[in-house]
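Order of the sequence lines fixes the chain letters, A, B, ..., with proteins taken first and strands second; residue numbering starts at 1 for each chain. Everything numeric here is computed off the predicted structure, so don't read it as measured data.
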2 protein chains.
Amino acid sequence: MSSLKKISLKDIAEVAGVSTALVSFVLNGKNKEYRVNEKTAQRILEIAQKMNYQPNIAAKSLRSGRTKTIGVVVSDISNPFFAQLARILEDEAAKRGYTVFFGSSDESTKKMDCIVEKLINKGVDGLIIVPCENSERSIISLINNNISIVLFDRYFPDINVSYVALNNCNAAYTATKYLLNSGYTAPCMVAYDVDLVHMKERIRGYKKALSDAGKRQQANVIFLKQDAPRKSADKLLPKAINEGADAFLFATNMIALACLYVIKDLEQKTVRKLGLVGFDGNPVFDFFYAPVSYVQQPIEMFAMKSLEILIDNMANGNVVQSVLAEGMLVEAGSCK
Amino acid sequence: MSSLKKISLKDIAEVAGVSTALVSFVLNGKNKEYRVNEKTAQRILEIAQKMNYQPNIAAKSLRSGRTKTIGVVVSDISNPFFAQLARILEDEAAKRGYTVFFGSSDESTKKMDCIVEKLINKGVDGLIIVPCENSERSIISLINNNISIVLFDRYFPDINVSYVALNNCNAAYTATKYLLNSGYTAPCMVAYDVDLVHMKERIRGYKKALSDAGKRQQANVIFLKQDAPRKSADKLLPKAINEGADAFLFATNMIALACLYVIKDLEQKTVRKLGLVGFDGNPVFDFFYAPVSYVQQPIEMFAMKSLEILIDNMANGNVVQSVLAEGMLVEAGSCK
DNA sequence: CTGAAAGCGCTTACAG
DNA sequence: CTGAAAGCGCTTACAG
């Protein structure tokens, strides 16, 4: 680090000829509260400025017990959806005086626990977590320890904790309805075989749309393995098409990508007839030879809301506040 | 945060009936060095374990002046190249007991300075920086303040500081040669109009390859605006093709993407004849109707090396160590 | 309106 | 081999 001796409160106090208490009051904007003499306050401020004072965060943290730091645990920071989230959180948190630590769980509860423990140990004031399958216990334990926390993207209906997520059921419903209205008769949903609400809800929306269209019997959900989506897609997609599927609803961006890799190698004339809708946009869609529509998530709003709720919780205690936002269907050129 | 009172050294000391000094020695693995009684050490360890002791990082930092934290400043964490880097750094740093803070400069020196200042203020032990245009002064000032730092992806030949980057000249040379060997006669390079070594070097490699092939005169570099690459590509690419360009070398992933958006709307038969090579892979390449080859950067190795050098510098003083790694050309199916 | 002092949890010379 | 104590830089009751 810097070899220049850092300026401390004491240095400023000496130059100003006052006590460190006074300097602390002034630099923390508490000069009114402690009725510091206006002129003295002014002088202290000027000196601090001139000496380019930077408070020692470690000392502040030790004293106050707060670090102005928050931890964010996502599935994988290199996944575009979460990379985008990271960027927005980074900027927004900075605006509010917070810094963010990121961690990737790879959808493993064990890793998630490990990262959360490290983050808490680092002294984060609160956590934004994308919980993975079977992580209910970990989340409950955090709540019991009175740690400020907001779940993101997914949540557990039985756990009373703040969350920010998409109204997945509605989004899938809209997407499916769109396919049906566009003339497709047998849309098939491609999902992950995981027990997480966002997935369940997307499937529920899909089924509900079919049901409302009098096609309850035709609901057809293909489940891919989360750790090898492409491999399962390789087998299952052609089979579904053979059995009459004329459209696909991809439950996540990664699923869409895996499936498009498979679909692009099928016969072009077959593919051109397919209706395709994904969750979250992707440049790849623009280059695919058949149009791909998608549900757009209001990710910026998600990021802001998560932060807002978390910061409010950290300041005023944990009051559960949740956001279930609507997605927006972005139609690709013309879908059929 | 947690409402449970955290366990401190003192708590352990009381239970063990020893002084906090002893506990500190043992828990920091300095029991040999301070010749702590073997049995006492064992007992302390057990008690610490049983009480689930977690050291207070703020106190440690305040005392030691180190935070076991490093700052990473990239152009934009949501750019896939840097998102990938982030993921690897996060994992590797954790293995070495470090945590990482990220910041995005948006290629602005002002933002870069601002982020760096915040990071230093947060007490990071060192920095990995992707320097932006005209940031020489900022880098020099960091060096003068004796801050451990490793430049990433780009560097300044005139500044004596550690860096980890691609051998850009060689990579561009190889890519251009590949195009020439594949039968293309007038490859054109598409670059950003910035004064950064990595860009200059890529252009130099391209020119050198042409020159070595006796085509020095045909060198043709198109410069896109970094803040609106697509817009400039819209004008300049068709013009280049009209003037005889039969292949393109895209200097970055973002440039490739912008150009492919433009190219895909051109006449198919024209495009199919084009030779296309980019820097860094991209799923989009797999879906483009013409094959796109690319130079692959050893990003994992980059991340490891940066960390290694930085950690070494932080421990043993700033000894300049640099890595200039070779890229690897990944040929798309068949290029022509 | 201001200062002296305690204390956050740790590490480490120093003394024995 | 072990303990008492200083001090990292800050905040904040407390006394005046």
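- If you take CD of A/Glu14 and P of D/dG9, they are 12 Å apart, rounded to a whole angstrom.
- Here the straight-line distance linking atom CG of B/Leu89 with atom CD of B/Gln84 works out to 11.0 Å at 0.5 Å rounding.
- We find that CG of A/Asn121 is positioned 13 Å from C1' of C/dG9, with the value rounded to whole Å.
- In this structure, OG1 on A/Thr67 lies 3.5 Å from CG on A/Asp125, to the nearest 0.5 angstrom.
- Ion pairing between a basic and an acidic side chain is recognised when a charged N comes within 4.0 Å of a carboxylate O; A/Arg154 and A/Glu107 show such pairing.
- Residues of residues 49-57 of chain A that place a heavy atom closer than 4.0 Å to DNA chain D, in numerical order, are A/Tyr53, A/Pro55, A/Asn56.
- Under 3.5 Å, the side chains of A/Ser105 and A/Lys110 contain no donor-acceptor pair of N or O atoms.
- Between the P atom of D/dG3 and the CG atom of B/Leu9 lies a distance of 14 Å, rounded to the nearest Å.
- Per the geometry, OH belonging to B/Tyr34 stands 18 Å off P belonging to C/dG16, to the nearest Å.
- Look at NZ on B/Lys60: it is 10 Å from P on C/dT12, rounded to the nearest Å.
- Checked against C/dC1, D/dT2, D/dC1, the side chain of B/Arg35 finds its nearest nucleotide in D/dC1.
- Taking CG of B/Leu127 as the start and CG of B/Asn313 as the end, the distance is 11.5 Å to the nearest 0.5 Å.
- B/Ile12 has its CD1 atom 12 Å from the C1' atom of C/dG9, to the nearest Å.
- The closest donor-acceptor contact from the side chain of B/Ser135 to the backbone of B/Ser138 lies at 3.5 Å or more, if one exists at all.
- When B/Leu310, B/Val161, B/Val72, B/Ile311 are each tested for a side-chain contact (heavy atoms from CB on, under 4.5 Å) with B/Val150, only one passes: B/Leu310.
- Residue B/Arg63 contributes atom CZ, which lies 19 Å from atom P of C/dG7 at whole-angstrom precision.
- Taking the six-membered ring for Trp and thresholds of 30 and 60 degrees, B/Tyr163 and B/Tyr155 have nearly parallel ring planes, at less than 30 degrees apart.
- Among the atoms of the strands shown, none is found under 4.0 Å from any heavy atom of A/Ser61.
- Here A/Ser64 lies out of heavy-atom contact (under 4.0 Å) with every strand.
- Between B/Phe152 and B/Phe302, the angle of the ring planes goes over 60°, which puts this pair in the perpendicular group of the 30/60° scheme.
- In this structure, B/Leu62 places its CG atom 12 Å from C1' of C/dG7, rounding to the nearest Å.
- Heavy-atom distances under 4.0 Å link DNA chain D to B/Ala21, B/Leu22 of residues 20-32 of chain B, given in residue order.
- Here B/Ser19 reaches the OP1 or OP2 of D/dG3: one of its side-chain N or O atoms lies under 4.0 Å away.
- Atom CD of residue B/Gln42 and atom CG of residue B/Asn31 lie 9.0 Å apart, to the nearest 0.5 angstrom.
- To the nearest 0.5 Å, atoms CG (B/Leu9) and CG (B/Leu22) are separated by 11.0 Å.
- Not one N or O on the side chain of B/Ser104 forms a donor-acceptor pair closer than 3.5 Å with the backbone of B/Asp106.
- For A/Asn37, taking side-chain heavy atoms from C-beta onward, the closest of the listed nucleotides D/dC10, C/dT2, C/dC10 is C/dT2.
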| note | Secondary structure of DNA chain D per the Watson-Crick/G-U criterion (both distances under 3.5 Å; [ ] crossing, | other strand, . unpaired) is |||.||||||||.|||

